[in-house]
Amino acid sequence: MTQISNRDVERLLKNISTLLEIKGETRFRVNAYRNAAESIAQAGGDLKDLVEKGDLNDLPGIGKAIGDKITEYVNTGKLDYYDKLCEEVPEDLLTLSDLPGMGPKRVKAVWEKLGITDIRGLKKAAQDQRVQELEGFGPKIEEKILEALDQKKKSVSDQRYSLGDAWFQAQRIIAKLKKDPSVIKISAGGSVRRMKASVGDVDILVASDRPEDVMDLFTSMKETEKVLLKGSTKTSVKVENGMQVDLRVVEPACWGTALQYFTGSQEHNVKMRELSLKKGFSLSEYALSPVKEGQDMFFEKESDLYRYLGLQWIPPELRESWGEVEMAKQNRIPQLVSLSDIKGDLQSHSDWSDGRNTLYEMARTAYANGLEYLLVTDHSSGLGIAHGISGSKLMEQVEEIERINSEFNDSFRLLKGIEVEVKSDGTLDLNENVLKELDIVVAGIHSSLRQERKRITDRYLATVQNPLVHILAHPTGRLIGSREETDVDWDQVFRAAAENRTLLEINSNPMRLDLPGRLIRRAREFGCLFVINTDAHSTEDLNHLIFGVGTAGRGLLTKEDVLNTSSGGNVLSYIKDKP
DNA sequence: GCCGTTTTCGGCCCGACTGTTTTCAGTCG
């Protein structure tokens, strides 16, 4: 029988929600399925375990009805309810609702009035100008549909970008707008501010008394390729690389509520607004307004708004509606680890394997960035494509590292390490005698990631239980947008890692961000300890630490949960004490 | 369909912009 993953269930629930919406079902039921899908996406544990234990209802937004459906789907790989639904509402309509501007009402209209159920039919009808004849449609909407269908061919639709690309794009635009005197305050919002692993568009918020000036400046930037929509307070453009950037301008007095609103996530905002209603207020991006009568309240700072509603300020990284609002109510949000807490970096590559820079260049940059230590972890020879180095070559590198360290004073040192390859049988491709010469051993699993679940779980277990291994690198192996997480029984691996004091890496490379937040939260429950590393392959990559710190924040980690917030001496003594 | 430290029944976020309209529905975030 095929294994049903959390992702499969999430997709199924989302599809049900969309089909119900097209069918014209009440929006509350539609939302219930959407919320349940979102809840699954945030869940750290494996649904199969929850089903087995009968604990599905512990997840927010999952009650009896949806819980039963998940159970049936996970156990049998099928869901009768869904098959019946598809008989009523053709499943292919889902592809239509992916198109921009095509919401449930319009999909329903082309389906019922024109008998269209798929992309091809829609394209034909639009080309024949039959779509614009429908009530509520017109030539412009028809044109938009054709345009979207053309782009779809190039698979531009639903494109997401790495956090790195989006973050740097946001910084560039902010730096540019900041120079203008009409801009009083400016900040990134949305998923960039939340440090989400993938970003659909860049959101920027500005406080200004002259919104038109800011809009004009924004649309006339040389980066702006096309203006998608332009209003008095909200403008969207496409920039050179195809990325969409939304700009919102508010009065300075609204900054706190506006930044809260514009940071999201949408689900977090819904929670906040529901909570406000319970306290007798309606919350918008402009103000907190008493439902009955009284003066609107304005907040210049986000933290003032949260406090007024009886909550701790919630760091943006946590605002995904997985339970953070309830935590804030109970004052249980800890002080998250910050970039300035990080004292060293425990994974980096040089030109001895697949890195671009020399050991000395890497050391100098790490030192200039304020780090106290940098672990050199070139690939071992097992990873052929990365020009891995052999045992004897490694001993030469150790000598070179000692020579370089003598050029620095006591405030910085390179540490001797390796990213040793874990072979498909779970053994390492360097022998014990070589590994024992090193300060710290990082183990990486780069090949045979599609092994059957039981087999690859055993391989992970062998790795974290190996007394020679100190750090498990980029555990899930995901490459954002191109490779899914490896299917592993994480609970077993996290338990073994905690027992064996093996450190779990949070890899800061924007293509990895691995472990992801929800699995960090899970691992933390098992008592695991973490390290935040850049995995830099060049001096520039050493700047990626901020993304790893953001990801750690999404996993609720404090300074104490992260070993490389300690001095090099403390790190080495922890390593020495490993059983 | 879910949820509850004011509710086990009666609620369920809020506003901007576009394109279709003669005052608003649909979509989006």
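Here is how names work: the chains are called A, B, and so on, in the same order as the sequence lines, proteins then strands, and each is numbered from 1.
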Distance, rounded to the nearest Å, where A/K292 contributes NZ and B/dT6 contributes P: 15 Å
Donor-acceptor pair, A/S265 side chain versus A/R319 backbone, under 3.5 Å? yes
Side chain of A/S232 only, heavy atoms from C-beta on: which candidate in B/dC17, B/dG1, B/dC13 is closest? B/dC17
Taking syn as within 90° of 0 and anti otherwise, name the glycosidic form of B/dT7. syn
Is A/R172 close enough and on-axis enough to A/W167, meaning under 6.0 Å and within 45°, for cation-pi? no
Is any side-chain nitrogen or oxygen of A/Y261 closer than 4.0 Å to OP1 or OP2 of B/dA16? no
What is the nucleic acid contact for A/K278, judged by heavy atoms within less than 4.0 Å: base, sugar-phosphate only, or nothing? base
Please report whether the ring centroid of A/Y308 lies less than 6.0 Å from that of A/F281. yes
Let me see the working for A/W322 and A/E324 under side-chain contact (heavy atoms from CB on, under 4.5 Å), right down to the final yes or no. CA-CA 6 Å; A/W322 48 269; A/E324 75 282 5; 3.6 Å; yes
B/dT27 pairs with which nucleotide, Watson-Crick or G-U wobble, both distances below 3.5 Å? B/dA16
Please determine if a side-chain N or O atom of A/K234 lies less than 4.0 Å away from the OP1 or OP2 oxygen of B/dC28. no
Does A/R273 place a side-chain N or O at less than 4.0 Å from the phosphate oxygens OP1/OP2 of B/dC13? no
Would you say A/S282 reaches B/dC14's phosphate, i.e. side-chain N/O to OP1/OP2 under 4.0 Å? yes
Describe the nucleic acid contact of A/T233 in one word from base, sugar-phosphate, nothing, applying a heavy-atom distance below 4.0 Å. sugar-phosphate
Report the distance from atom CG of A/L13 to atom P of B/dG1, rounded to the nearest whole Å. 12 Å
Integer angstrom distance from the P of B/dC13 to that of B/dC3: 14 Å
Sticking with atom P, work out how far B/dT6 lies from B/dC2, rounded to a whole angstrom. 24 Å
Assess the side chains of A/Q330 and A/E326: does a donor N or O sit below 3.5 Å from an acceptor N or O? no
Rounded to whole Å, CZ of A/R34 lies from P of B/dC13 at a distance of 13 Å
Distance check, P atoms only: B/dT23 and B/dC28, in whole angstrom units. 25 Å
From the candidates B/dC14, B/dT27, B/dC13, the one with an atom nearest any side-chain atom of A/S284 is B/dC14
Can you tell me how far P of B/dT6 sits from CG of A/L277, to the nearest Å? 15 Å
Scan A/Q266 against the nucleic acid and name what it touches under 4.0 Å (heavy atoms): base, sugar-phosphate only, or nothing. base
Mind checking A/E135 for me? I need base, sugar-phosphate or nothing, with any heavy atom below 4.0 Å counting as a touch. nothing
Pairwise 5' ranking along DNA chain B for A/V270 and A/P104, keeping only the more 5' one: A/V270
What's the CD-P distance between A/E25 and B/dC2, to the nearest Å? 13 Å
Same-atom distance (P) from B/dT5 to B/dG1, integer angstrom: 23 Å
I want to verify a distance call: between B/dC2, B/dC14, B/dA16, whose nearest atom is closest to the A/Y286 side chain? B/dA16
Any A/S236 side-chain N or O less than 4.0 Å from OP1/OP2 of B/dC28: no
Could you check how far CG of A/L59 sits from P of B/dC2, rounded to whole Å? 12 Å
Mapping A/I66 and A/K144 onto DNA chain B by nearest heavy atom, which one lands closer to the 5' end? A/I66
On a whole-Å scale, what distance lies between the C1' atoms belonging to B/dA25 and B/dT20? 8 Å
Measuring only the C1' atom in each nucleotide, how far is B/dG10 from B/dG15? A whole number of Å is fine. 25 Å
May I ask you to say what A/K279 touches in the nucleic acid, namely base, sugar-phosphate or nothing, with a heavy-atom cut-off under 4.0 Å? nothing
Could you work out the separation of B/dT21 and B/dG26 based on their P atoms and round it to a whole Å? 12 Å
Using whole Å, report how far NZ of A/K64 lies from C1' of B/dC2. 14 Å
Please report the distance, rounded to the nearest Å, between NZ in A/K105 and P in B/dG26. 5 Å
With a 4.5 Å limit on heavy-atom distance, are the side chains of A/D246 and A/V202 in contact? no
Quick check on A/Q312: does its CD atom have over 12 non-hydrogen neighbours (other residues, nucleotides or ligands) under 6.0 Å away? yes
Report yes or no: does A/S39 contribute a side-chain atom to a donor-acceptor pair with the main-chain N or O of A/N35 at less than 3.5 Å? no
Under 4.0 Å between any heavy atoms, over every strand shown, what does A/T26 touch: base, sugar-phosphate, or nothing? Just pick one. nothing
For B/dT8 and B/dG4, measure between their P atoms and round to the nearest Å. 13 Å
